[in-house]
There are 2 protein chains.
Amino acid sequence: MYASSMEKEENNTVCPLKYALNLVGGKWKLPIICILAREESVRYNSLKRKLVGITNMMLSQSLKELEENGIVHREQYNEIPPRVEYSLTKEGRSILEPLESLSEWGKIHMDKLRTQSPYCGECREVK
Amino acid sequence: MYASSMEKEENNTVCPLKYALNLVGGKWKLPIICILAREESVRYNSLKRKLVGITNMMLSQSLKELEENGIVHREQYNEIPPRVEYSLTKEGRSILEPLESLSEWGKIHMDKLRTQSPYCGECREVK
DNA sequence: CGGAATCCCGTCAGATACTG
DNA sequence: CAGTATCTGACGGGATTCCG
């Protein structure tokens, strides 16, 4: 059994920045959040199809940790066949804005690096 | 030799958010950035003393990757004994704001979780 | 003083198989 | 359909040693 991301912290005097980054850490949590951000409510297998290459274990584990941390809501319908819908909580939606500002920074920074190499920056041709 | 964080990406169509998170990923980069954020310019050994528990390898490797990615500036003075000063670049300083908004989110979110348990939320006494 | 080279281990994440 | 259990490999990060 894997430990939840948060259980690794020994004391509760955690840097809030590290705390936030841990919530969305790991290979799949950001992709999951991105899908849920634009789809309102998604079934397990639908998520799995969109996340190309993910295994059942990584998907269910990531969703579980996101749920434990209040980012994702899990709604189970006792039907046959079983149906489970995942969605972002209000808390989960509120992290989108800080993440987008980081993404904006990344976009700008990537462009600035590209003007240094391998392009000459004047004519956009490769040096 | 360790690969730089960025070399792991196979294609250059990288999500700018992942890109930004990779720049500050790893165990020590955020602490380094935090120190440089409030100190303007810091010597290698001064950094090492503040980062309790870091090894020379992790410090020099982290600084090197931060420098390669344009976050940190390295100024070497050819004196005896040798002296090297590290500081945040302008680009490096510009990432502080997105990080702080994430940190703000983390602070609020941590508090909300705390009102759920182990405190009752009404009187702030332990259940 | 400011690193680099080498070795080593714990943890994360993937593969595979099985279940209510 | 929506997961869980177990095994395994790869990689990030630490300890130690050495260098200009």
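A straight line from NZ of K27(B) to C1' of dC11(D) spans 15 Å, rounded to a whole angstrom. Here the P atom of nucleotide dC11(D) and the CD atom of E65(B) are 15 Å apart, to the nearest Å. The interatomic distance linking W28(B) (CH2) with dG14(D) (P) rounds to 6 Å, in whole Å. Between K48(B) atom NZ and dA15(D) atom P there is a gap of 11 Å when expressed in whole angstrom units. At whole-Å resolution of the value, CG in L47(A) and P in dG3(D) are 10 Å apart. Across the protein-nucleic acid pair, L59(A) atom CG and dC1(D) atom C1' stand 13 Å apart, rounded to whole Å. Across the protein-nucleic acid pair, Q76(A) atom CD and dA2(D) atom P stand 10 Å apart, rounded to whole Å. Separating the CE atom of M58(B) from the P atom of dC7(C) is a distance of 19 Å, rounded to the nearest angstrom.
Considering only residues two or more places apart in sequence or on other chains, W105(A) meets the ring pair (Phe, Tyr, Trp, His ring centres under 6.0 Å) condition with H109(A). Evaluation of the side-chain hydrogen bond (donor to acceptor under 3.5 Å, both in side chains) rule for E97(B) yields no partner, not counting sequence neighbours. In terms of the salt bridge (Lys or Arg N to Asp or Glu O under 4.0 Å) criterion, residue partners of K50(B) (sequence neighbours excluded) are, by chain and number, E39(B). E104(A) is linked by a salt bridge (Lys or Arg N to Asp or Glu O under 4.0 Å) to K107(A), counting only residues two or more places apart in sequence or in another chain. With sequence neighbours excluded, no residue forms a salt bridge (Lys or Arg N to Asp or Glu O under 4.0 Å) with E75(B). The side-chain hydrogen bond (donor to acceptor under 3.5 Å, both in side chains) check on R43(A) picks up nothing, with sequence neighbours excluded. Shown here are the salt bridge (Lys or Arg N to Asp or Glu O under 4.0 Å) partners of E85(B), two or more places apart in sequence or in another chain: R83(B).
Nearest heavy-atom pair across S101(A) and S101(B) is OG-OG, 3.6 Å.
When the shell of 6.0 Å around CD of E79(B) is examined, it contains more than 12 heavy atoms from other residues, nucleotides or ligands.
Note on G26(A): only backbone sugar-phosphate atoms sit closer than 4.0 angstrom, heavy atoms only; bases stay farther off.
Between its opening and closing five pairs, the helix from dC1(C)-dG20(D) to dG20(C)-dC1(D) changes axis direction by 50°, a value rounded to 10 degrees.
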Between the protein and nucleotides 1-4 of chain C, list the N/O to N/O atom pairs that are separated by less than 3.5 angstrom.
{"residue": "dC1(C)", "atom": "O3'", "partner": "R43(B)", "partner atom": "NH2", "Å": "3.4"}
{"residue": "dC1(C)", "atom": "O3'", "partner": "P82(B)", "partner atom": "O", "Å": "3.2"}
{"residue": "dG2(C)", "atom": "OP1", "partner": "R43(B)", "partner atom": "NE", "Å": "3.3"}
{"residue": "dG2(C)", "atom": "OP1", "partner": "R43(B)", "partner atom": "NH2", "Å": "3.2"}
{"residue": "dG2(C)", "atom": "OP1", "partner": "V84(B)", "partner atom": "N", "Å": "3.3"}
{"residue": "dG2(C)", "atom": "OP2", "partner": "N45(B)", "partner atom": "N", "Å": "3.1"}
{"residue": "dG3(C)", "atom": "OP1", "partner": "R74(B)", "partner atom": "NH1", "Å": "2.3"}
{"residue": "dG3(C)", "atom": "OP1", "partner": "Y86(B)", "partner atom": "OH", "Å": "3.4"}
{"residue": "dG3(C)", "atom": "OP2", "partner": "Y86(B)", "partner atom": "OH", "Å": "2.5"}
{"residue": "dG3(C)", "atom": "N7", "partner": "N56(B)", "partner atom": "ND2", "Å": "3.3"}
{"residue": "dA4(C)", "atom": "OP2", "partner": "S60(B)", "partner atom": "OG", "Å": "3.3"}

